[in-house]
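A short write-up of the structure that comes next.
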Amino acid sequence: MRSPDLTPEEKTALTALELCLGRLHVRQRLGLEHDYEARIFRTGTHFFHLENWNSVHSLIRNSLRLVGLHGRGRRNALAIQVRENQITLPNLPRAFDGFTLLQLTDLHVDMSRDFVPTLIEAVRSLDYDLCVLTGDYRARTFGPYAATLDGLECLRAHLKNTVYAVLGNHDTIRMLPGMEATGYRLLMNESVKLQRDGATIYLAGIDDAHYYHMENFHRAAQDIPAGACSILLSHTPEAYRHAAHADFNLMLCGHTHGGQICLPGGVPIITDADCPRALARGAWRHQDLIGYTSVGAGSCIVDVRFNCPPEIVLHRLRC
């Protein structure tokens with residue numbers, strides 16, 4: 001099954017998108033999506049894509065049923081935990097001390113019909129200043145995405161204040177106009193100012209750096225003054241070296257699911273990321289860059305988790 005052809009409405013929306021992202025970025029992203037969609041094998045580092053091999057999905061699901069673990073795995077996948085992460089940034093303005101970001105990632109909202117109501121219940125009563133989403137909103141990497149947008153719209157009604165987001169490798173750029181129409185502000189290799197009591201920090205976001213390699217650090221950081229406190233949203237931790245040398249102070253990401261199906265002790269079998277395993281889950285540091293890789297709230301391929309509970313994260317910034 002391939003993605004449907006662009007509708008006249010999509011063509012109009014994407015043409016308007018070219019004015020802010022540039023014609024080349026929009027055309028390249030669309031072209032790469034068309035070239036890569038539904039492929040199981042591809043040349044390059046990420047040559048094998050398990051999420052596109054439907055027969056393996058059934059094999060995993062049926063194997064779990066056979067040993068009586070499928071039901072438990074599905075219950076695990078809906079047991080979303082709220083984690084708190086304290087982050088000390090040396091150049092954080094004092095006005096932002098205690099500023100809290102809620103990070104949601106790897107939602108795959110159309111994977112399970114029980115997921116969005118469960119996630120809404122988890123976020124409803126949380127106290128935070130800003131919400132950020134770090135990609136992978138769709139279950140598949142290709143095909144229709146209307147169900148994904150419907151789920152995101154339901155979720156947005158329960159998220160407070162401004163919500164910024166970036167796209168992941170499961171997300172088509174065709175989703176961007178629909179997401180922005182429902183209240184998500186997408187950062188596509190660009191940055192915005194966050195201001196509080198006269199002080200300023202910067203929030204930047206890059207396009208997918210895992211599969212499509214559409215990240216552009218020059219564009220993302222070009223409006224950030226030297227020495228300013230800056231936070232980067234990236235779908236994957238794989239961009240950590242570039243982020244460190246671009247002088248970002250904090251990088252929030254996801255993609256790995258922490259392994260999703262792990263050995264006892266939370267040891268991941270697969271992380272699907274070209275980076276050290278120490279960066280595949282939780283808090284980490286590379287040179288002067290502080291990072292956090294969330295294991296995500298959703299699940300992919302099969303809606304189960306073992307030894308790796310789903311999470312949403314409250315990052316509290318400290319001077």
Side-chain angles (χ1 to χ4, degrees), residues 78-87 89 92-110 112 114-138 148-168 171 175-188 190-205 229-235 249-254 283 292-298 309-319:
L78 293 174
I80 300 173
Q81 299 183 356
V82 179
R83 298 197 185 277
E84 294 195 16
N85 180 40
Q86 301 279 340
I87 303 171
L89 298 177
L92 183 72
R94 189 159 297 279
F96 279 90
D97 188 65
F99 190 84
T100 303
L101 298 96
L102 170 64
Q103 181 191 6
L104 310 178
T105 193
D106 297 276
L107 305 183
H108 302 287
V109 296
D110 50 327
S112 164
D114 297 323
F115 174 73
V116 173
T118 303
L119 180 60
I120 289 172
E121 192 61 33
V123 303
R124 190 194 304 272
S125 61
L126 298 180
D127 186 21
Y128 53 90
D129 298 290
L130 189 73
C131 181
V132 296
L133 277 65
T134 46
D136 273 8
Y137 314 113
R138 180 168 64 167
T148 305
L149 291 181
D150 289 344
L152 288 173
E153 184 175 7
C154 290
L155 173 63
R156 181 64 185 92
H158 300 275
L159 297 176
K160 304 170 186 175
N161 308 324
T162 307
V163 181
Y164 290 99
V166 295
L167 296 182
D171 308 317
M175 292 166 52
L176 195 154
M179 288 183 66
E180 294 212 320
T182 54
Y184 296 91
R185 169 70 166 89
L186 274 291
L187 296 175
M188 301 285 286
E190 54 192 323
S191 65
V192 293
K193 292 181 181 180
L194 303 179
Q195 296 181 316
R196 194 183 205 193
D197 297 337
T200 302
I201 63 175
Y202 291 81
L203 178 70
C229 183
S230 57
I231 302 168
L232 177 68
L233 305 181
S234 169
H235 173 56
N249 304 113
L250 173 64
M251 177 174 168
L252 303 179
C253 47
Y292 190 94
T293 305
S294 172
V295 303
E311 69 177 23
I312 56 180
V313 189
L314 292 169
H315 300 285
R316 188 160 287 109
L317 308 185
R318 295 296 185 189
C319 294

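It should be emphasised that the depicted structure is a prediction, and the values quoted were computed from it without experimental measurement.
Under a 3.5 Å cut-off, the side chain of Thr105 and the backbone N or O of Thr134 do form a donor-acceptor pair. In terms of modelled atom types and a separation under 3.5 Å, the side chain of Arg94 and the main chain of Asp97 share no donor-acceptor contact. Between the Asn249 side chain and the Ser230 main chain, a donor and an acceptor come within less than 3.5 Å of each other. At least one donor-acceptor pair under 3.5 Å links the side chain of Asn161 to the backbone N or O of Asp129. A side-chain donor-acceptor contact under 3.5 Å links Tyr184 to the backbone of Leu152.
Atom CG of Leu314 and atom CG of Leu101 lie 9.5 Å apart (nearest 0.5 Å). Between the OH atom in Tyr164 and the CG atom in Leu133 there is a gap of 13.0 Å [rounded to 0.5 Å]. With rounding to the nearest 0.5 Å, the separation of CE in Met251 from CG in Leu233 is 9.5 Å. A distance of 6.0 Å separates SG in Cys154 from CD1 in Ile120, rounded to the nearest 0.5 Å. Between Thr148 atom OG1 and Met175 atom CE the span is 5.5 Å, to the nearest 0.5 Å. For the atom pair OH of Tyr202 and CG of Leu232, the computed distance is 15.5 Å after rounding to the nearest 0.5 Å.
In this structure the side chain of Leu159 reaches within 4.5 angstrom of the side chain of Leu104, judged on heavy atoms. By the 4.5 Å heavy-atom criterion applied to side chains, Leu317 and Leu250 are counted as neighbours. Residues Glu190 and Val192 form no side-chain contact, since every pair of their non-hydrogen atoms from C-beta on lies 4.5 Å or further apart. Residues Glu153 and Leu149 form no side-chain contact, since every pair of their non-hydrogen atoms from C-beta on lies 4.5 Å or further apart. Considering only heavy atoms from C-beta on, Arg138 stays 4.5 Å or farther from His108 through its side chain. Contact of the Asp127 side chain with the Thr100 side chain is not registered, since no non-hydrogen atoms from C-beta on lie closer than 4.5 Å. You'll find the side chain of Leu130 reaches within 4.5 Å of the side chain of Leu203, heavy atoms only. Using a 4.5 Å heavy-atom threshold, the side chains of Leu119 and Ile312 count as touching.
The two atoms that bring Leu167 and His235 nearest to each other are O-CB, 3.7 Å, heavy atoms only. The shortest heavy-atom contact between Ala297 and Pro310 is O-CB, 3.3 Å. Of all the heavy atoms in Leu92 and Cys319, the pair that sits closest is O-SG, 3.5 Å. Annotation for Arg318 and Gly98: closest pair NH1-CA, 3.5 Å, computed over non-hydrogen atoms. Residues Thr293 and Gly254 share a closest heavy-atom pair of CG2-O, 3.6 Å. Minimum heavy-atom separation, Met179 to Tyr137: CE-CE1, 3.7 Å.
The one candidate from Leu102, Leu252, Val82, Asn85 that meets the side-chain contact (heavy atoms from CB on, under 4.5 Å) condition with Val313 is Asn85. Between Ser294 and the options Gln103, Arg83, Glu311, a side-chain hydrogen bond (donor to acceptor under 3.5 Å, both in side chains) holds for only Glu311.
The local environment of NZ in Lys160 is crowded, with over 12 non-hydrogen atoms from other residues, nucleotides or ligands closer than 6.0 Å.
The existence of a salt bridge linking Glu121 and Arg124 is confirmed by a sub-4.0 Å separation between a basic side-chain nitrogen and an acidic carboxylate oxygen.
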